[in-house]
Amino acid sequence: MTSVRESLRMLSSEHRDVLRTKLVDDRRPAAEWHALLAPLHDLDVRADAARSRAGKQLLWLYVAGIALILASLFVAPIAALALLVLFAIPIVALHLQRGRLKRLDLADAALGLALPLLPLLAEDAADDAPLELALDLRGPTVDAKRTGEGEPYARGAYHRIVDTFFADPFLHARIRFADGAHVRLAVVEHVRRSRKVKRNPRGKTKIKVKSKRRIQLDVSVAFPARNYVAVAAPTGALPPTDRERVTVRDGATVVAERRVVKSAGAGGAIDSGHLVDLLARAYGRVEPVRRKKL
């Protein structure tokens, strides 16, 4: 918890505003974004570690407290009461600490995806082009991102299953590269959370909640016609994509790439390499215009 307090003391008023709203939406030079996001990521990592430690300490206190209190009941009931008070104080304190740390929690997917991309975008950005970046750090399963709920159904041993659906468009970025290309990045996490209910042979009800997610990553690059011309995709030479569209409009060749990644759980880290692959594939669908020598 001490390291968390140190990280909090180092934050600026802008950082604290982000912690309060858990939303980022601004435009600034790509190189300056790191100064805003890196301290928030560091705080999030420390807070997650502190919350995990507090959880382990709570488990130990519950197990040790119950065992000692039950044992002392048969020897000295008054001692059992004293032990109850003795264990209750740190247990309450740890629950309060976990609550405070939970309020500092930021979505791992958004920060973990944005930070590795910043050096790449900064290196290729035009000198006078800021990076427009919008991040939603609230996590994918807050009520505001709930899109619907399915009808109850039964499957296997579970007599009632209800699916709740969420859509989390947590990253959107726009920037102009030094070669004149306009780049747009967008990531949406779709979550299906299933609440499953069953009864065991003894008649006891058991509830299980599982989540599955589908991450949709989109990269769109508008290449100016004066610098680039579209070419056919070389077979097997480019990173894979789930959908590709190449169009020519308004004096530009627009290459749109999409990849969909599926996994269990919700809100975990996403490899930034997916966006880098799609960007590389978009550049593989064009080639520089060959200028005629005078």
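Everything numeric here is computed off the predicted structure, so don't read it as measured data.
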Is there a side chain to side chain contact (heavy atoms under 4.5 Å, CB included) between Asp108 and Asp48? Walk through the geometry before answering. CA-CA 10 Å; Asp108 294 334; Asp48 285 348; 3.7 Å; yes
Using distance alone, with no hydrogens and no angle criterion, decide if Ser211 and Arg193 have a side-chain donor and acceptor under 3.5 Å apart. no
Run the numbers on His15 and Val18 for side chain to side chain contact (heavy atoms under 4.5 Å, CB included), then give the verdict. CA-CA 5 Å; His15 289 119; Val18 174; 5.8 Å; no
Flag, side chain of Thr253 to backbone of Val229, donor-acceptor distance under 3.5 Å: no
Could Arg20 and Asp17 be called an ion pair, given the rule that one side-chain N must be under 4.0 Å from one carboxylate O? yes
Can you tell me if CD1 on Ile207 sees more than 12 non-hydrogen neighbours from other groups inside 6.0 Å? yes
Any ion pair linking Arg176 and Asp128 (charged N to carboxylate O, less than 4.0 Å)? yes
Could you walk me through whether Asp124 and Val183 pass side chain to side chain contact (heavy atoms under 4.5 Å, CB included), step by step? CA-CA 11 Å; Asp124 292 331; Val183 178; over 6 Å; no
Of all heavy-atom pairs between Gly139 and Ala107, which one has the smallest distance, and what is that distance? N-CB, 3.8 Å
Same apolar cluster (I L V M F W Y, side chains within < 4.5 Å links), Val260/Val219: no
When rounded to the nearest 0.5 angstrom, what distance separates CG in Leu275 from CD1 in Ile270? 8.5 Å
Out of curiosity, does Leu113 fall in the hydrophobic cluster containing Leu120 (side-chain heavy atoms, cut-off under 4.5 Å, transitive links)? yes
dist Glu14:CD -> Leu40:CG (nearest 0.5 Å) comes out at 9.0 Å
Is the shortest side-chain heavy-atom distance between Leu23 and Asp136 below 4.5 Å? yes
Would you call the rings of Tyr228 and Tyr283 parallel, tilted or perpendicular, taking 30° and 60° as the class edges? perpendicular
Checking the side chain of Asn227 only, and the main-chain atoms of Gly180 only, is there a donor and an acceptor separated by less than 3.5 Å? no
Who are the salt bridge (charged side-chain N to carboxylate O under 4.0 Å, His left out) partners of Arg98, not counting sequence neighbours? none
CH2-CG distance between Trp33 and Leu135, expressed to the nearest 0.5 angstrom: 6.5 Å
Working to the nearest 0.5 Å, report the span between CZ of Arg53 and CG of Leu101. 9.0 Å
Taking NZ, NE, NH1 and NH2 as the nitrogens, is one of them in Arg285 or Glu244 under 4.0 Å from a carboxylate oxygen of the other? yes
Do Asp26 and Leu133 have side chains that get closer than 4.5 Å, going by heavy atoms? no
May I ask you to decide whether Arg281 forms a salt bridge with Asp277, counting only side-chain N to carboxylate O separations under 4.0 Å? no
Membership question, hydrophobic clusters at under 4.5 Å side-chain separation (ILVMFWY): are Val289 and Val248 in the same one? no
Does a salt bridge link Asp218 with Arg258, judged by any charged N lying under 4.0 Å from a carboxylate O? yes
Shortest non-hydrogen pair, Leu11 vs Ser7, comes out as CG-O, 3.3 Å
Would Trp60 and Leu58 show up in the same hydrophobic cluster when neighbours are defined by side-chain heavy atoms closer than 4.5 Å? yes
Between Leu19 and Leu8, is the side chain to side chain contact (heavy atoms under 4.5 Å, CB included) condition met? List the steps. CA-CA 10 Å; Leu19 276 179; Leu8 279 170; 4.0 Å; yes
Cluster overlap Leu84 with Ile91, hydrophobic side-chain contacts below 4.5 Å: yes
So how far is it from Lys206 NZ to Lys196 NZ, rounded to the nearest 0.5 Å? 14.5 Å
From Val231, Val255, Val246, residue fulfilling side chain to side chain contact (heavy atoms under 4.5 Å, CB included) relative to Val286: Val255
Thr21 and Leu137, any side-chain heavy atoms less than 4.5 Å apart: no
Atom of Ala154, atom of His159 and distance for their closest heavy-atom approach: CB-O, 3.7 Å
Between atom CG of Leu185 and atom CD of Glu132, what is the distance when rounded to the nearest 0.5 Å? 12.0 Å
Least distance between heavy atoms, Val221 atom then Ala282 atom: CG2-CB, 3.8 Å
Side chains of Leu94 and Gln97 in contact at under 4.5 Å (non-hydrogen atoms): yes
Looking at Lys212 and Lys262, would you say the former's side chain and the latter's main chain have a donor-acceptor pair under 3.5 Å? no
Can you run down the salt bridge (charged side-chain N to carboxylate O under 4.0 Å, His left out) pairs that involve residues 158-173, sequence neighbours left out, and say none if there aren't any? Lys145-Asp168
Heavy atoms only: give me the nearest Ala30-Leu121 pair and the separation to one decimal. CB-C, 4.2 Å
For Arg195, look at atom CZ and say whether over 12 heavy atoms of other residues, nucleotides or ligands are found less than 6.0 Å away. no
Close side-chain approach of Arg28 to Leu36, heavy-atom, < 4.5 Å: yes
Mind listing the closest non-hydrogen atom pair of Val162 and Gly150 along with its distance? CG1-O, 3.9 Å
